[in-house]
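Contents: one structure, followed by commentary.
Below, read A as the first sequence line, B as the second, and so on, with proteins coming before strands; counting in each chain starts at 1.
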Amino acid sequence: MEKGQRYDFIDQFRGFIGVLMLLGHSSYYLNAFWKQLNEFDPLFPSWGQFALRYAGYICAPGFLMMAGGMTWLSFHKRLKKGAHPWKAKWHLIQRGIFLIIIQITWVNSSWGGFQTFNPWHLGIISTIGFSMILLSLIVSWQWYYRLALALGILAIHPLLLNISFNPDNLPAKYLMEAFITSGSFNKYPIIPWFALSVLGSVMGTGWFELWKTHHKRVIMGLCIGLTAIGLAIVIRVFQGYGNIFSYSGFGTYSFFIDQKYPPSLFHNIWFFGIVVLGVTLFSMIGRVCPKCLSGFSIIGKVPLFFYAIHLAILGIFVKRIDLFYREGSILITLLGFAIMMVIMIPLSKWFYGVKLRSNNYFISMI
Amino acid sequence: MLSALLFMGCTTRYKTPEITPNSTHIFKPKGDQAICTDILLSTLVSKKSPKPLFPLDTFPLIENKILRSFIYIDRQHTTENQPLDFHVDWINPKGVSIFCKRYQLNPNDSASLITSSISLNPDVRMAGNYKLRVYLFRELIAEKPFVLQTEEEYTPPVNDLTARILFGNRLDRKTGQVQNTDSVFFNSKKGWIHASVELFNRFAYDDEDLDFRFQWSDPDGKTFFARTVKLPSSDSTSRLNSSISVSPTARKDGIYTLRVSLFRKLIAEKSFEIKTAIVKTDKINVSAKASILFCSKIDKGSGTPVNINDEFVIGKNERVCAYIQLSDVFNPANKPLFFNLVWIDPDGKRFFSKPITVAANTHDAILQSSITIEPKNRVPGKYQFKLYLFDKPIESKSFVLQSKEDSK
């Protein structure tokens with residue numbers, strides 16, 4: 001595997017996920033449909049609204065898996081440079097803590113355009129942070145132990161969802177929502193999402209170490225991705241363990257949309273397969289047409305900056321100043337998304353330059 | 001991912017809805033799936049069967065009112081052997097979901113009707129265009145637009161049952177019609193206010209028995225008398241009555257209101273005023289001359305007294321009528337005049353009084369009042385009849401009742 005190619009397809013796919021996330025957030029702020037959408041129990045008046053919402057479903061699994069893969073890569077690169085394992089792990093723990101702080105300081109408040117300081121809940125960025133900290137503790141394990149751990153967690157999580165608790169009992173609510181279920185305190189419980197980041201680290205082992213050639217990476221990616229999707233379909237078809245929402249029939253969109261908050265077993269396995277296939281596809285396209293996906297690299301190299309800044313811009317201008325906040329249709333959403341892309345691509349490019357030139361600790365963390 | 005999304009573009013429903021006569025938008029399935037055949041909205045539910053009474057698309061916002069939806073599902077063509085997962089979502093004029101509920105219909109369940117309700121309380125609902133959406137497995141299968149209006153904006157549809165209220169201080173027992181209709185009444189001893197409620201489009205609810213409720217409220221808005229009237233579908237009556245007594249001790253001055261509801265839906269409301277009749281005549285400077293005649297009856301055709309006398313014999317079906325001729329009515333303030341016709345027994349006790357209001361521009365008039373003189377009610381002796389204008393006696397006259405034995 002060539003050195004440059006190894007990083008490009010990851011950056012590109014991460015950038016692609018970032019673009020889908022911006023699309024989802026543009027919809028969140030501009031699409032009138034969100035006034036009636038219950039994220040925990042979604043209903044769709046049209047195929048377009050379904051597609052717009054479903055496109056964002058890949059973002060959380062994609063980011064968790066990419067974070068897992070990059071955690072594994074970062075750790076082993078530091079080891080190769082001669083760093084002590086705990087020093088390499090400490091770097092990952094610091095980054096995890098940084099992400100948690102970013103969530104409760106910047107991200108939480110940016111949703112409302114910084115109208116209020118709102119540190120008292122968690123979110124996807126803090127869950128990535130917690131997962132990174134936990135992953136740092138097992139990152140040195142062999143891939144098959146990590147795989148067994150991840151699959152074990154995913155298999156057990158549906159049972160944990162049966163734990164009953166009183167939401168008025170705040171310690172119980174915070175504990176359950178931090179780790180197992182979803183609610184106003186945290187939509188992204190650590191346990192199932194950590195499992196996906198562990199699976200990402202396992203895939204990172206393959207992408208960056210085990211599968212030495214492009215051909216091998218594609219074959220393994222296709223096999224693993226299709227196997228995961230096949231397994232997910234089997235889980236879904238039988239409508240038993242690992243399913244939460246029911247569906248009308250194979251091929252209907254109710255078949256594909258199972259519960260996201262907290263994720264069902266089907267949701268996790270399905271999107272694991274989709275992410276693996278997506279990365280493989282990007283790797284294949286990158287080999288055939290290296291410049292075709294290079295636009296995504298710009299975003300994929302500074303994903304946290306892209307996330308934090310686009311959310312702040314939308315929060316300030318659309319929510320706080322109330323520019324078309326949840327007034328538009330799908331077309332307005334797509335128009336807003338295009339405008340945001342025009343703003344965010346040069347900003348991301350600029351920040352990547354700053355990051356390359358800077359030795360500042362905080363800049364390097366973003 | 002993209003190919004997966006494109007694959008999922010094969011939704012189970014047609015994009016273009018079919019619109020039913022009840023303006024329900026139905027998104028029909030492409031395959032053998034359950035369909036929603038119609039959605040009806042009503043504030044009234046039949047007691048005989050779970051069906052809406054008088055379904056509409058526009059409703060007034062009224063406190064304590066509930067809007068019910070009846071969602072009809074046809075499952076006969078479905079091959080799905082699994083519970084059907086429905087969501088019913090109510091969306092307000094701002095596009096915000098105000099109430100969403102999940103329903104499951106099991107394969108063995110013969111039910112084909114889903115009902116869902118929201119409050120029509122103006123404190124929690126705004127006026128405007130609403131939607132009721134029905135989803136099957138998270139996919140929109142039917143939509144019903146409807147309108148909520150403020151009570152002031154709302155006009156009942158012409159084919160709905162409506163009512164008109166008339167007030168009067170006399171009631172014709174035979175016809176049920178009120179007489180001396182007015183909206184201002186004077187407080188007097190043993191007076192009555194009768195309300196006649198005329199029903200229009202009496203059979204708007206087909207064969208449903210009608211539950212009416214009359215609520216009389218005082219100037220403080222407090223209901224002091226309520227009465228429920230059941231009108232069976234077999235009864236063709238189109239007029240209902242309700243009455244209240246008026247007396248200075250029971251009623252205070254002010255604006256009173258009668259509300260008539262049908263199935264708890266307000267269909268008519270009218271106010272009237274009760275005024276105290278105690279007005280000092282010297283202050284308002286009114287006067288009238290009166291001559292009193294007693295007779296045994298008054299000819300219905302000519303209105304003239306028959307058997308004029310001052311002595312009468314007590315007997316079965318016998319009566320004494322007072323025939324009062326008013327003249328030279330002096331009423332410079334041009335206000336309605338309140339007369340009280342009082343009958344006093346030999347012990348000096350008032351046993352019957354009759355208030356009569358005379359219109360402001362009257363210069364002469366005939367007043368009448370009568371009592372029975374049956375043996376069970378009256379004793380022989382000297383009786384007195386007094387005529388009051390407001391609180392001032394303006395004329396009085398006596399008459400004698402004799403027993404049959406004495407008269408011989």
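Ring centroid separation for the pair A/Y29 and A/H25 does not come in under the 6.0 Å cut-off. Ring centroids of A/F282 and A/F9 are separated by 6.0 Å or more, keeping the two rings apart. Under the 6.0 Å cut-off for aromatic ring centres, B/Y135 and A/Y253 do not qualify, their centroids lying 6.0 Å or more apart. With ring centers used as reference points, A/F50 lies under 6.0 Å from A/F44. With ring centers used as reference points, A/F63 lies 6.0 Å or more from A/W193.
Considering only heavy-atom pairs separated by less than 4.5 Å from chain B, the leading option among A/K35, A/Q239, A/R326 is A/K35.
Neither the backbone nor the side chain of B/N92 comes within contact range of chain A, judged by heavy atoms closer than 4.5 Å. Proximity to chain B (any heavy atom under 4.5 Å) is shown, for A/D41, by both the backbone and the side chain.
Between the NZ atom of B/K144 and the OG atom of B/S23 there is a distance of 4.0 Å, given to the nearest 0.5 Å.
Residue-level contacts of residues 117-131 of chain B with chain A do not occur; threshold 4.5 Å between heavy atoms.
Residues A/P45 and B/L140 come closest through the heavy atom pair O-CD2, 3.6 Å.
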